[in-house]
Amino acid sequence: MLELHQFELSQYSEKVRLILDYKGLEYRKVEVTPGVGQIELLQISGQRQVPVLKDGDTVIADSTEIALYLEKTYPEKPILPVDPKERGLCLLIEEWADESIGTKGRKALIGALNRNQNFRTALLPNNAPDFFRSVVGALPGDLLDILGSGVGFGGDAVKSAMSGLKQDLEALSLMLTDRPYLVADYPTLADLTVAGLSMILKFPEGNYIDLPDSLKGKGIPGLADNMAYERFFEWRDRIYTDFRKPLLASPSTTGQAPTTIQID
Ligand SMILES: N[C@@H](CCC(=O)N[C@@H](CS)C(=O)NCC(=O)O)C(=O)O
(Lines give C-alpha, C1' and ligand atoms only; values in the text may rest on other atoms or scores of the structure.)
Protein backbone atom coordinates (compact mmCIF):
# COMPACT_ATOMS: atom_id res chain seq x y z
CA MET A 1 0.00 0.00 0.00
CA LEU A 2 1.10 3.58 -0.65
CA GLU A 3 2.73 5.19 2.38
CA LEU A 4 2.60 8.94 2.99
CA HIS A 5 5.22 10.27 5.38
CA GLN A 6 3.69 13.47 6.61
CA PHE A 7 2.83 15.99 9.28
CA GLU A 8 -0.91 16.02 9.85
CA LEU A 9 -0.85 19.83 9.99
CA SER A 10 1.32 20.35 6.92
CA GLN A 11 -0.43 22.08 4.06
CA TYR A 12 1.81 20.38 1.45
CA SER A 13 0.94 17.00 2.98
CA GLU A 14 -2.73 17.97 2.77
CA LYS A 15 -2.34 18.78 -0.92
CA VAL A 16 -1.08 15.21 -1.49
CA ARG A 17 -3.81 13.67 0.71
CA LEU A 18 -6.44 15.48 -1.35
CA ILE A 19 -4.90 14.22 -4.62
CA LEU A 20 -4.73 10.65 -3.28
CA ASP A 21 -8.37 10.83 -2.19
CA TYR A 22 -9.45 12.36 -5.49
CA LYS A 23 -7.80 9.53 -7.37
CA GLY A 24 -9.36 7.02 -5.00
CA LEU A 25 -5.99 5.61 -3.94
CA GLU A 26 -5.67 3.86 -0.60
CA TYR A 27 -2.72 4.97 1.50
CA ARG A 28 -1.31 4.70 4.97
CA LYS A 29 -0.22 7.82 6.83
CA VAL A 30 3.10 7.74 8.67
CA GLU A 31 3.32 10.72 11.02
CA VAL A 32 6.86 12.05 11.14
CA THR A 33 8.16 13.35 14.46
CA PRO A 34 9.74 16.77 13.87
CA GLY A 35 13.48 16.56 14.41
CA VAL A 36 14.25 12.94 15.09
CA GLY A 37 11.78 11.60 12.51
CA GLN A 38 13.25 13.85 9.88
CA ILE A 39 16.60 12.08 10.18
CA GLU A 40 14.92 8.91 9.00
CA LEU A 41 13.25 10.93 6.24
CA LEU A 42 16.67 12.14 5.16
CA GLN A 43 17.90 8.57 5.01
CA ILE A 44 15.03 7.34 2.86
CA SER A 45 14.48 10.38 0.63
CA GLY A 46 17.70 12.44 0.68
CA GLN A 47 15.99 15.46 2.22
CA ARG A 48 14.15 16.25 5.47
CA GLN A 49 10.83 17.76 4.47
CA VAL A 50 7.39 16.19 4.31
CA PRO A 51 5.51 15.03 2.33
CA VAL A 52 7.34 11.93 1.11
CA LEU A 53 5.51 9.15 -0.70
CA LYS A 54 6.66 5.53 -0.69
CA ASP A 55 5.26 3.26 -3.37
CA GLY A 56 6.98 -0.08 -2.91
CA ASP A 57 10.67 0.64 -3.49
CA THR A 58 10.00 4.03 -5.06
CA VAL A 59 10.44 7.04 -2.79
CA ILE A 60 9.32 10.50 -3.92
CA ALA A 61 9.82 13.76 -2.04
CA ASP A 62 8.09 17.10 -2.72
CA SER A 63 4.35 17.52 -3.26
CA THR A 64 4.71 18.53 -6.92
CA GLU A 65 6.92 15.54 -7.73
CA ILE A 66 4.48 13.28 -5.89
CA ALA A 67 1.51 14.72 -7.83
CA LEU A 68 3.27 14.16 -11.17
CA TYR A 69 4.35 10.66 -10.16
CA LEU A 70 0.79 9.75 -9.15
CA GLU A 71 -0.58 11.11 -12.41
CA LYS A 72 1.89 9.03 -14.42
CA THR A 73 1.58 5.86 -12.39
CA TYR A 74 -2.14 6.00 -11.62
CA PRO A 75 -3.64 7.76 -14.66
CA GLU A 76 -7.24 6.94 -13.78
CA LYS A 77 -9.12 10.06 -12.70
CA PRO A 78 -6.59 12.36 -14.43
CA ILE A 79 -5.70 15.65 -12.80
CA LEU A 80 -3.74 17.14 -15.71
CA PRO A 81 -5.84 18.35 -18.65
CA VAL A 82 -4.93 17.20 -22.17
CA ASP A 83 -5.81 20.49 -23.85
CA PRO A 84 -2.49 22.40 -24.10
CA LYS A 85 -3.79 25.74 -22.83
CA GLU A 86 -5.64 24.18 -19.94
CA ARG A 87 -2.65 22.01 -19.09
CA GLY A 88 -0.32 25.02 -19.16
CA LEU A 89 -2.61 27.06 -16.94
CA CYS A 90 -3.02 24.14 -14.56
CA LEU A 91 0.74 23.69 -14.15
CA LEU A 92 1.21 27.43 -13.74
CA ILE A 93 -1.43 27.68 -11.00
CA GLU A 94 0.03 24.66 -9.21
CA GLU A 95 3.49 26.20 -9.12
CA TRP A 96 2.16 29.64 -8.16
CA ALA A 97 0.00 28.22 -5.36
CA ASP A 98 2.97 26.34 -3.84
CA GLU A 99 5.02 29.51 -3.78
CA SER A 100 2.30 31.98 -2.87
CA ILE A 101 -0.46 30.36 -0.81
CA GLY A 102 1.87 27.74 0.68
CA THR A 103 4.57 30.08 1.93
CA LYS A 104 2.49 33.19 2.66
CA GLY A 105 -0.14 31.08 4.42
CA ARG A 106 2.53 29.75 6.75
CA LYS A 107 3.71 33.28 7.63
CA ALA A 108 0.16 34.57 8.11
CA LEU A 109 -0.66 31.60 10.36
CA ILE A 110 2.36 32.26 12.53
CA GLY A 111 1.30 35.91 12.74
CA ALA A 112 -2.23 34.93 13.76
CA LEU A 113 -0.92 32.49 16.38
CA ASN A 114 1.39 35.12 17.81
CA ARG A 115 -1.40 37.66 18.08
CA ASN A 116 -4.26 35.46 19.18
CA GLN A 117 -4.01 33.47 22.35
CA ASN A 118 -7.31 31.65 21.78
CA PHE A 119 -6.12 30.41 18.44
CA ARG A 120 -2.86 29.32 20.01
CA THR A 121 -4.58 27.56 22.86
CA ALA A 122 -6.85 25.73 20.46
CA LEU A 123 -3.88 24.42 18.53
CA LEU A 124 -2.14 23.52 21.75
CA PRO A 125 -4.71 22.26 24.23
CA ASN A 126 -3.25 21.82 27.72
CA ASN A 127 -4.14 18.18 27.84
CA ALA A 128 -2.80 17.43 24.40
CA PRO A 129 -0.95 14.16 24.37
CA ASP A 130 2.81 14.26 24.03
CA PHE A 131 2.50 13.27 20.42
CA PHE A 132 0.62 16.43 19.54
CA ARG A 133 2.88 18.62 21.64
CA SER A 134 5.83 17.19 19.83
CA VAL A 135 4.20 18.08 16.54
CA VAL A 136 3.16 21.60 17.36
CA GLY A 137 5.60 22.20 20.16
CA ALA A 138 6.22 25.48 21.88
CA LEU A 139 5.48 28.55 19.86
CA PRO A 140 6.62 29.95 17.62
CA GLY A 141 10.03 28.29 17.13
CA ASP A 142 8.91 24.68 16.98
CA LEU A 143 5.91 25.55 14.92
CA LEU A 144 8.26 27.06 12.39
CA ASP A 145 9.97 23.70 12.22
CA ILE A 146 6.79 21.91 11.37
CA LEU A 147 5.44 24.51 8.98
CA GLY A 148 8.80 24.87 7.33
CA SER A 149 11.97 26.54 8.31
CA GLY A 150 12.49 30.04 7.07
CA VAL A 151 13.37 33.53 8.00
CA GLY A 152 11.30 36.67 7.85
CA PHE A 153 8.38 35.91 10.14
CA GLY A 154 8.47 39.33 11.80
CA GLY A 155 5.64 41.89 11.77
CA ASP A 156 6.43 43.29 8.34
CA ALA A 157 6.76 39.86 6.78
CA VAL A 158 3.39 38.83 8.24
CA LYS A 159 1.76 42.06 7.03
CA SER A 160 3.10 41.60 3.52
CA ALA A 161 2.06 37.93 3.51
CA MET A 162 -1.46 38.94 4.58
CA SER A 163 -1.81 41.54 1.84
CA GLY A 164 -0.47 39.08 -0.75
CA LEU A 165 -2.95 36.45 0.42
CA LYS A 166 -5.82 38.93 0.24
CA GLN A 167 -4.97 39.63 -3.38
CA ASP A 168 -4.68 35.88 -4.06
CA LEU A 169 -8.06 35.16 -2.51
CA GLU A 170 -9.68 38.03 -4.38
CA ALA A 171 -8.21 36.77 -7.65
CA LEU A 172 -9.33 33.19 -6.99
CA SER A 173 -12.83 34.34 -5.99
CA LEU A 174 -13.06 36.30 -9.26
CA MET A 175 -11.89 33.29 -11.28
CA LEU A 176 -14.62 31.20 -9.68
CA THR A 177 -17.39 33.72 -10.43
CA ASP A 178 -19.05 31.72 -13.19
CA ARG A 179 -17.24 28.39 -13.23
CA PRO A 180 -17.05 25.42 -10.90
CA TYR A 181 -13.28 24.87 -11.12
CA LEU A 182 -10.20 26.98 -11.81
CA VAL A 183 -9.07 25.58 -15.16
CA ALA A 184 -11.48 23.08 -16.69
CA ASP A 185 -15.04 21.90 -16.10
CA TYR A 186 -13.66 19.17 -13.85
CA PRO A 187 -11.17 19.37 -10.97
CA THR A 188 -7.51 19.47 -11.93
CA LEU A 189 -4.20 19.57 -10.09
CA ALA A 190 -4.67 23.36 -9.88
CA ASP A 191 -7.88 23.00 -7.85
CA LEU A 192 -6.55 20.24 -5.62
CA THR A 193 -3.37 22.19 -4.91
CA VAL A 194 -5.11 25.46 -4.08
CA ALA A 195 -7.78 23.71 -1.99
CA GLY A 196 -5.27 21.57 -0.08
CA LEU A 197 -2.81 24.38 0.62
CA SER A 198 -5.62 26.65 1.84
CA MET A 199 -6.10 24.26 4.77
CA ILE A 200 -4.03 26.58 6.97
CA LEU A 201 -5.95 29.69 5.93
CA LYS A 202 -9.16 28.13 7.22
CA PHE A 203 -9.35 24.60 8.56
CA PRO A 204 -12.13 22.62 6.84
CA GLU A 205 -15.33 22.04 8.84
CA GLY A 206 -15.58 18.29 8.41
CA ASN A 207 -13.66 15.42 9.93
CA TYR A 208 -10.83 15.37 7.42
CA ILE A 209 -7.79 16.45 9.39
CA ASP A 210 -6.87 15.22 12.83
CA LEU A 211 -7.13 18.45 14.80
CA PRO A 212 -9.19 19.78 17.71
CA ASP A 213 -12.89 20.18 16.87
CA SER A 214 -12.79 23.77 18.07
CA LEU A 215 -10.46 24.67 15.21
CA LYS A 216 -12.60 23.18 12.46
CA GLY A 217 -14.01 25.92 10.25
CA LYS A 218 -11.72 28.47 11.96
CA GLY A 219 -8.65 30.11 10.57
CA ILE A 220 -6.63 33.24 10.09
CA PRO A 221 -8.63 36.31 11.16
CA GLY A 222 -9.10 38.68 8.24
CA LEU A 223 -9.08 35.82 5.74
CA ALA A 224 -11.17 32.95 7.12
CA ASP A 225 -13.91 35.25 8.39
CA ASN A 226 -13.84 37.76 5.53
CA MET A 227 -17.10 37.77 3.52
CA ALA A 228 -15.14 38.99 0.47
CA TYR A 229 -13.70 35.48 0.14
CA GLU A 230 -16.91 33.59 0.86
CA ARG A 231 -17.13 32.25 -2.70
CA PHE A 232 -13.58 30.94 -2.47
CA PHE A 233 -14.12 29.09 0.80
CA GLU A 234 -17.48 27.72 -0.38
CA TRP A 235 -15.71 26.33 -3.44
CA ARG A 236 -12.94 24.88 -1.24
CA ASP A 237 -15.46 23.28 1.08
CA ARG A 238 -17.36 21.80 -1.88
CA ILE A 239 -14.13 20.18 -3.10
CA TYR A 240 -13.71 18.65 0.35
CA THR A 241 -17.30 17.40 0.49
CA ASP A 242 -17.07 15.92 -3.00
CA PHE A 243 -13.59 14.43 -3.00
CA ARG A 244 -11.81 14.32 0.37
CA LYS A 245 -12.32 11.14 2.37
CA PRO A 246 -13.30 11.79 6.00
CA LEU A 247 -11.08 10.26 8.68
CA LEU A 248 -12.14 6.89 9.94
CA ALA A 249 -13.54 7.14 13.46
CA SER A 250 -10.47 6.45 15.52
CA PRO A 251 -9.07 7.96 18.69
CA SER A 252 -7.79 11.44 17.92
CA THR A 253 -4.04 11.87 17.95
CA THR A 254 -4.52 15.53 18.74
CA GLY A 255 -6.39 15.03 21.95
CA GLN A 256 -9.31 16.72 23.59
CA ALA A 257 -9.95 20.24 22.38
CA PRO A 258 -10.65 23.17 24.66
CA THR A 259 -14.36 23.93 24.88
CA THR A 260 -14.34 27.44 23.47
CA ILE A 261 -12.38 29.43 21.00
CA GLN A 262 -12.94 33.00 19.99
CA ILE A 263 -10.92 34.21 17.06
CA ASP A 264 -11.29 37.91 16.55
N1 LIG B 1 8.26 22.26 -1.71
C2 LIG B 1 7.90 21.32 -0.69
C3 LIG B 1 7.62 22.04 0.58
C4 LIG B 1 7.43 21.09 1.75
C5 LIG B 1 7.46 21.78 3.11
O6 LIG B 1 7.66 23.00 3.22
N7 LIG B 1 7.27 20.96 4.16
C8 LIG B 1 7.30 21.44 5.50
C9 LIG B 1 5.98 21.12 6.20
S10 LIG B 1 4.62 21.96 5.44
C11 LIG B 1 8.40 20.70 6.27
O12 LIG B 1 8.64 19.53 6.05
N13 LIG B 1 9.06 21.40 7.19
C14 LIG B 1 10.09 20.85 8.02
C15 LIG B 1 11.45 21.39 7.68
O16 LIG B 1 11.58 22.25 6.78
O17 LIG B 1 12.40 20.95 8.35
C18 LIG B 1 6.69 20.51 -1.20
O19 LIG B 1 5.96 20.98 -2.09
O20 LIG B 1 6.50 19.39 -0.73
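One-based numbering, in listed order, for ligands and for the atoms of each. Positions are given from 1, in the same order as the sequence printed here.
- By the 3.5 Å distance cut-off applied to N or O atoms, Gln38 is counted among the residues near ligand 1.
- Where the criterion is an N or O separation shorter than 3.5 Å, residue side chain and backbone included, Gln49 meets it with respect to ligand 1.
- In summary, the atoms of ligand 1 found under 4.0 Å from a heavy atom of Gln11, numbered by their order in the structure, are 10 (S).
- Seen from the ring of Tyr12, Arg17 does not count as a face-on cation partner, given the 6.0 Å and 45° thresholds.
- Atom CD1 of Ile93 is separated from atom CE of Met175 by 4.0 Å, given to the nearest 0.5 angstrom.
- Side-chain N/O atoms of Tyr69 and Asp55 include a donor and acceptor closer than 3.5 Å.
- In this structure, Tyr240 has its ring center under 6.0 Å from that of Tyr208.
- Inclusion of Tyr12 in the set of residues having an N or O under 3.5 Å from an N or O of ligand 1 is not warranted.
- The closest heavy-atom contact to atom 10 (S) of ligand 1, among the options Gly102, Pro34, Gly105, Ser10, comes from Ser10.
- Close approach of ligand 1 to Pro51 is summarised as follows: ligand atoms under 4.0 Å from at least one heavy atom of the residue are 20 (O).
- Screening residues 211-237 for ring pair (Phe, Tyr, Trp, His ring centres under 6.0 Å) gives Phe232-Trp235 as the qualifying pairs, with residues at least two apart or on separate chains.
- Under 4.0 angstrom from ligand 1, there are no non-hydrogen atoms of Lys15.
- Atom CD in Glu94 sits 9.0 Å away from atom CG in Leu80 (nearest 0.5 Å).
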